[in-house]
Q: 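Sharing a structure with you now.
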Amino acid sequence: MMTPDESIIELKKHLRKLQNIIENNASFTFFKVKIVDKNRIDDILCCIEASFPDEYKKLFRNASSKYKSVSLWHSLRASIQRKFILSSDSYLVKHKVAVNLIAGFSAILEQDIRFLYNNL
C-alpha cells in the first residue's frame, strides 16, 4: 500500500502524461477540438484510476459531494472521451477545457487525498 505522498506523486505523473498526449499527439486539430487516438487515452486513464488510493476509490461509489475532485474527474473524462463519428478509434478532445480540468484536478486531488487520510 502506498502512502498518500507516493500516490499523489504517481497520479501527478500520469496526469502530466495525459496532458502531454492531448497537447502533442493529436492526429488533427480543428479550432477547439483535437482528434486523439482512443487507445492512448484509455491506457493513461486506466493508469490514473489504478493509481487512486483504495480509500479514494470508495468515494466514487458513494458519489460524495464533499470532495470536489470527484466531480472534476467526471468532468475531465467527459471532455476527453467524446466519440468521433467518423472513426471509432479516436476521441474528440476539447483540449483547452481538458488542460484546465487537469490542472484543477491535480491541485484539488492533493488536498482531497490528504484530507481523506487525515480523517481516517
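Residues: numbered from 1 along the sequence shown.
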Q: How many angstroms lie between CZ in Phe115 and CD in Glu110, if you round to the nearest 0.5 Å?
A: 15.0 Å
Q: To the closest 0.5 Å, what do you measure between NZ (Lys12) and CZ (Arg16)?
A: 8.0 Å
Q: Kindly work out whether a path of hydrophobic side-chain contacts (I/L/V/M/F/W/Y, heavy atoms less than 4.5 Å apart) joins Val97 to Ile48.
A: yes
Q: For Glu55 and Tyr117, which heavy atoms make the closest approach, and how far apart are they?
A: OE1-OH, 3.2 Å
Q: How many angstroms lie between NZ in Lys32 and NZ in Lys94, if you round to the nearest 0.5 Å?
A: 9.0 Å
Q: Treat each ILVMFWY residue as a node, draw an edge where side-chain heavy atoms are under 4.5 Å apart, and state whether Val33 and Leu86 are in one component.
A: yes
Q: Begin from the C-alpha positions of Gln81 and Leu45 and carry the test side-chain contact (heavy atoms from CB on, under 4.5 Å) through to its verdict.
A: CA-CA 10 Å; Gln81 292 183 312; Leu45 288 177; 3.4 Å; yes
Q: Should Ile44 and Phe84 be regarded as members of a common hydrophobic cluster, given that ILVMFWY residues are connected when their side-chain heavy atoms come within less than 4.5 Å of each other, either directly or indirectly?
A: no
Q: Is it true that Leu92 and Phe28 fall in one hydrophobic cluster, defined by side-chain heavy atoms closer than 4.5 Å?
A: yes
Q: Keeping the roles fixed (side chain from Ser51, backbone from Cys47), state whether a donor-acceptor pair exists under 3.5 Å.
A: yes
Q: Is there a side chain to side chain donor-acceptor pair (under 3.5 Å) between Tyr56 and Ser69 once you walk through the steps?
A: CA-CA 10 Å; Tyr56 187 75; Ser69 61; 2.5 Å; yes
Q: Are Val99 and Leu76 linked, directly or through intermediate hydrophobic residues, by side-chain heavy-atom contacts shorter than 4.5 Å (ILVMFWY only)?
A: no
Q: Using the side-chain contact (heavy atoms from CB on, under 4.5 Å) rule, pick out the option among Asn20, Asn24, Asn25, Leu18 that qualifies with Ile22.
A: Leu18
Q: Is the closest side-chain heavy-atom distance between Pro53 and Ile113 below 4.5 Å?
A: yes
Q: Show, in sequence, the C-alpha distance, side-chain angles and deciding distance for Ile108 and Trp73, and conclude whether the side-chain contact (heavy atoms from CB on, under 4.5 Å) test is met.
A: CA-CA 10 Å; Ile108 292 177; Trp73 176 247; over 6 Å; no
Q: Mind running side-chain contact (heavy atoms from CB on, under 4.5 Å) on Leu109 and Ile8 for me, showing each step along the way?
A: CA-CA 8 Å; Leu109 177 71; Ile8 290 169; 5.8 Å; no
Q: If only atom types and distance count, is the side chain of Ser71 paired as donor or acceptor with the main-chain N or O of Lys68 below 3.5 Å?
A: yes
Q: Quick check for you: to the nearest 0.5 Å, what is the distance between Ser79 atom OG and Leu72 atom CG?
A: 10.5 Å
Q: What is the distance from atom NE2 of His95 to atom CG of Asn100, rounded to the nearest 0.5 Å?
A: 11.0 Å
Q: Before you tell me yes or no, could you show the steps for Tyr67 and Leu116 under side-chain contact (heavy atoms from CB on, under 4.5 Å), namely the whole-Å CA-CA distance, both residues' side-chain angles and the distance that decides it to 0.1 Å?
A: CA-CA 9 Å; Tyr67 298 95; Leu116 183 67; 3.6 Å; yes
Q: Calculate, to the nearest 0.5 Å, the distance between atoms NE2 and SG belonging to His14 and Cys46 respectively.
A: 9.5 Å
Q: Treating Lys34 as the side-chain partner and Glu23 as the backbone partner, does any N or O pair qualify as donor plus acceptor under 3.5 Å?
A: yes
Q: Of the non-hydrogen atoms in Ile41 and Ile80, which two are nearest, and what is the gap between them?
A: CG2-CG2, 3.3 Å
Q: Between the side chains of Asp42 and Tyr91, is a donor N or O closer than 3.5 angstrom to an acceptor N or O?
A: yes
